[in-house]
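Since we're looking at a predicted model, the values are computed, not measured.
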Amino acid sequence: MEHQVFVPAPAARIGAALADQTRVARAVPGLQQDAGAEPITGRLKLRVGGHSVTYRGTARVTAREDGTYAVVGDAAEARGTGAVKLALTLRLADAEGGCTVTAEGTADATGRISELPAETVAAAATRLLGRFLESLAAGAGADADAGARPKPPAGAPHTSVFDTEVPPSALAPDADEDLDSDTGTDADADADTGIVTASTDRPSGDFAETGEPPAEAAHARRTMIGRSAEEVDHAPPRGRYAPVPAPQTVTATSALRWAAPAAALAVASAIVVSKALRKRR
């Protein structure tokens, strides 16, 4: 088996990703990792043509002294007696705009996958290898971008959003005093210059002093809202929230109440008439 894939990432970056077993496991498409086991251990569903075969096993990538990477895998069918053994060698070579990854090795399989055409199995294997390398390059690029972000100096203080000073509210009690003091200062200055300004003194019957809104405000509130809270509490709901009256069932009790005596009277009359006719005969 020999297959070559172009990856849009430098060879050094791909080599660093291959040396990290955790990043390799994240790049395998469809791998369901087993908790508490080695990184590249779990279940993998392989689609070959119109068939799907699920394998459970483990794999490992090891860097060699000559710059290549050895991939060794061993898996068994999750439902069946078949097994697969994989031994590959990955060679990285820089190219324009990225690098080329050449995969050479052998794969021995038994079980369901051995009954399928060899061309179909080879196409599924090369497709899986291509998707794995593309995902590995994408993850390596994302890690490189995250590492290239500028970091704050070690001695720089950390500013939290909770440490930011909050400006005083305009509705605070002190705001009125500041406004009155500022207004008095401005009034004195305007008096010296001959400028007449409007007075900001509140009337004696102000709503803030009495605690109750004037009649105009209450009327405006009722007009805007439509109904007051008391009317809403005691009035029945309207519109689509109005209660639906129960359907009135029509019974024949009253009709049967008069029909029974009338029938009895008719039967008694018939009996009397028949007896009278018999006596005359």
**Asked** Taking side chain as C-beta onward, heavy atoms only, is V24 less than 4.5 Å from F132?
**Response** yes
**Request:** Using a 4.5 Å cut-off on heavy atoms from C-beta on, say whether the side chain of L90 contacts that of T102.
**Result:**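 A side-chain contact is absent here, since even the closest heavy-atom pair is not under 4.5 Å.
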Is there a donor-acceptor contact under 3.5 Å from the side chain of [X] to the main chain of [Y]?
{"X": "S274", "Y": "A270", "answer": "yes"}
{"X": "S135", "Y": "R131", "answer": "no"}
{"X": "E77", "Y": "T54", "answer": "no"}
{"X": "D94", "Y": "A11", "answer": "yes"}
{"X": "T58", "Y": "I40", "answer": "yes"}

**Asked** Is R56 salt-bridged to D34, cutoff N-O under 4.0 Å?
**Response**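 Salt bridge present between R56 and D34.
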**Message:** Ignoring hydrogens, what is the shortest heavy-atom contact between P39 and A25? Give both atom names and the distance.
**Reply:** O-CB, 3.3 Å
**Item:** Donor + acceptor pair across side chains of T89, E104 (<3.5 Å)
**Value:**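 The criterion, which ignores hydrogens and geometry beyond distance, is not satisfied for E104 and T89.
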**Prompt:** What about L88 and F6, same hydrophobic cluster or not, with Ile/Leu/Val/Met/Phe/Trp/Tyr joined at side-chain heavy-atom distances under 4.5 Å?
**Reply:**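 No; F6 is not reachable from L88 via cluster members.
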**Request:** Quick one: pull up CG in L92 and OG1 in T68 and give me the separation to the nearest 0.5 Å.
**Result:**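 Those atoms lie 9.0 Å apart.
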**Fill in**
Rounded to the nearest 0.5 angstrom, the CG-OH distance for L44 and Y55 is 9.5 Å
**Request:** Please step through side-chain contact (heavy atoms from CB on, under 4.5 Å) for the pair R60 and Q21, ending with a clear verdict.
**Result:** CA-CA 7 Å; R60 191 166 188 83; Q21 302 296 316; 4.0 Å; yes
